[in-house]
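All figures in this text were calculated on a predicted structure; none of them were measured in a lab.
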Amino acid sequence: MQRRRSTVTLPCTRVATWNVNSIKARSQVVARWLEAEGAELLLIQETKCSDEAFPRAEFEKLGYRVETVGQKSYNGVAILSRVPLTVGHRGLPDDPEDKDARYIEAVVELPAEGKHSRRRALRVVSLYLPNGNPAGSEAFLYKINWMKRLIGHARQLLQDTEPLVLGGDFNVAPGDADVYDPALFGNDALCRPETRARFRELLTLGFTDAIAARHPGPGNYTFWDYQDRAWPKNHGWRIDHLLLSHRALPLLADCGIDRKPRGAPKPSDHVPVWCDLRL
DNA sequence: ATGTCAGCCGGAGGCTGA
């Protein structure tokens with residue numbers, strides 16, 4: 001569906017990102033959310049299943065194309081799209097030895113509107129950045145190295161002419177306002193200075209954190225642990241992000257975080273983050 | 001830290017990752 005703002009004639013395309021914590025356990029929840037909200041593009045993380053096992057038919061019958069980079073049990077990313085898409089890299093391109101399913105990118109081509117319409121292409125990335133806990137471990141080194149690799153590849157992608165959206169579970173709380181108790185989690189891999197410095201380095205290449213730019217302030221959480229009654233206590237984290245390239249930022253009409261699914265039956269521990277692009 | 005959840009193997013429930 002194409003949305004039109006009441007005061008502007010340009011149509012909007014909705015792009016959302018959601019860590020679903022197992023697509024097999026969550027397919028009904030995700031399908032109902034798509035029916036209700038009608039995003040053109042959904043960037044999914046933690047599918048936790050192989051490509052063969054992805055419940056693609058449930059989404060194809062809603063009109064979505066389904067592209068996946070999966071593995072058994074862990075990780076796994078996907079892109080659902082109501083418009084045709086061409087998949088680019090599956091996995092960050094610099095290290096074929098890295099078997100973690102954490103990265104997929106694609107270019108979508110929206111149908112032209114009217115005979116003089118400009119080309120309406122958009123590049124999107126669905127990424128699941130390593131958690132990296134505990135700080136100082138091998139897992140933490142892997143996380144920091146993965147961020148360096150992402151920065152290197154993002155620099156290349158910015159050479160292209162298409163507007164670009166990097167979406168996903170970054171496992172990065174960019175600032176103290178993005179954690180319910182920053183003092184308690186100062187040494188957490190999601191908050192460590194090395195982690196935040198790499199995230200800022202990524203932004204410095206030419207990206208804008210959509211939620212931070214449009215809705216600044218504390219409490220814009222996207223994740224609440226299943227444990228310790230985190231949701232009713234609002235003990236949340238803002239770690240799921242939509243980063244807009246300098247060519248995508250001027251297209252931004254609005255963005256937000258949909259907390260409703262966290263309070264609904266069979267929730268993921270993360271909620272969708274969305275943006276509307278005038279595209 | 002933990003009032004949890006999901007996948008694994010294997011055929012219950014303990015282990016892992018988050």
Side-chain angles (χ1 to χ4, degrees), chain A residues 17-33 43-56 58-59 68-78 91 98-103 126-147 150 167-174 176 178-192 194-196 198-199 221-241 257 259-273:
Chain A
T17 182
W18 195 359
N19 178 323
V20 300
N21 184 22
S22 169
I23 192 61
K24 284 192 279 186
R26 214 73 59 208
S27 62
Q28 291 302 308
V29 168
V30 175
R32 272 186 237 113
W33 184 82
L43 312 171
I44 297 178
Q45 302 84 38
E46 276 207 271
T47 61
K48 291 186 170 177
C49 70
S50 65
D51 295 336
E52 302 73 44
F54 195 102
R56 58 172 48 243
E58 293 188 46
F59 301 104
T68 64
V69 171
Q71 70 186 94
K72 196 173 172 181
S73 309
Y74 306 114
N75 308 320
V77 288
D98 185 358
K99 297 291 186 263
D100 272 15
R102 296 183 177 276
Y103 183 95
S126 176
L127 66 89
Y128 178 46
L129 218 142
N131 176 297
N133 274 308
S137 65
E138 278 296 318
F140 186 69
L141 295 177
Y142 176 66
K143 174 182 196 155
I144 297 298
N145 189 51
W146 206 94
M147 296 184 84
L150 176 63
D169 177 356
F170 284 71
N171 271 311
V172 177
D176 280 353
D178 301 314
V179 195
Y180 73 93
D181 188 344
L184 185 59
F185 293 101
N187 199 39
D188 192 280
L190 283 61
C191 303
R192 286 287 305 166
E194 304 93 312
T195 305
R196 287 177 170 170
R198 291 296 174 191
F199 187 76
Y221 303 140
T222 66
F223 162 82
W224 296 259
D225 202 305
Y226 288 124
Q227 302 183 62
D228 201 28
R229 299 178 65 250
W231 169 249
K233 292 191 287 193
N234 195 29
H235 284 183
W237 303 61
R238 190 176 77 91
I239 57 176
D240 301 271
H241 308 299
I257 299 164
R259 299 166 65 112
K260 291 193 301 296
R262 189 64 181 83
K266 230 175 146 43
S268 170
D269 40 2
H270 298 248
V271 295
V273 182

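With B/dG7, B/dA18, B/dA6 as the candidates, the nucleotide lying closest to the side chain of A/Asn21 is B/dA6. The side chain of A/Lys24 sits closest to B/dG7 out of B/dA18, B/dA1, B/dG7. If you check B/dA18, B/dA6, B/dG7 against the side chain of A/Lys266, the one that comes closest is B/dA6. Considering only the side chain of A/Tyr74, B/dG17 comes nearest among B/dG7, B/dT4, B/dG17. For A/Tyr226, the listed nucleotide lying nearest its side chain is B/dT4; candidates were B/dT4, B/dA18, B/dA1.
An OP1 or OP2 oxygen of B/dA6 is reached within less than 4.0 angstrom by a side-chain nitrogen or oxygen of A/Arg26.
For A/Asn133 against A/Ala189, the heavy-atom pair with the smallest separation is OD1-N, 2.9 Å.
Per the geometry, CD1 belonging to A/Ile23 stands 13 Å off P belonging to B/dA6, to the nearest Å. Across the protein-nucleic acid pair, A/Asp225 atom CG and B/dG17 atom C1' stand 12 Å apart, rounded to whole Å. Straight-line distance from the CG atom of A/Asp188 to the P atom of B/dT2: 16 Å, rounded to whole Å. Atom pair A/Lys72:NZ and B/dA6:P shows a separation of 19 Å (rounding to whole Å applied). Spacing between atom NZ of A/Lys233 and atom P of B/dT2 amounts to 12 Å, rounded to whole angstrom units. Per the geometry, CG belonging to A/Asp269 stands 11 Å off C1' belonging to B/dG17, to the nearest Å. Here B/dG17 presents its P atom at 17 Å from CG of A/Asn19, a figure rounded to the nearest Å. Note: NZ (A/Lys48) to C1' (B/dA6) measures 5 Å, nearest angstrom.
Note: A/His241 NE2 to A/Thr222 OG1 = 6.5 Å, rounded to the nearest 0.5 Å. Put simply, CG on A/Asp269 and CH2 on A/Trp231 are 12.0 Å apart, with the number rounded to the nearest 0.5 Å.
The residue A/Phe185 sits close to a base: some heavy atom pair falls under 4.0 Å.
No donor-acceptor contact under 3.5 angstrom links the side chains of A/Asn131 and A/Lys143, judged on distance only. Inspection of the A/Tyr142 and A/Asp98 side chains reveals an N or O donor paired with an N or O acceptor under 3.5 Å.
Remark: the separation of the P atoms in B/dG10 and B/dC15 is 15 Å, to the nearest Å. Rounded to the nearest Å, the gap between the P atom of B/dG13 and that of B/dA1 is 27 Å. A distance of about 23 Å separates the P atoms of B/dG3 and B/dG7, rounded to the whole Å.
Residue A/Asp228 is the one, among A/Asp228 and A/Glu46, whose nearest nucleotide of DNA chain B lies closer to the 5' end (criterion: closest heavy atom). Nearest-nucleotide positions on DNA chain B for A/Asn75 and A/Arg229 put A/Arg229 closer to the 5' end.
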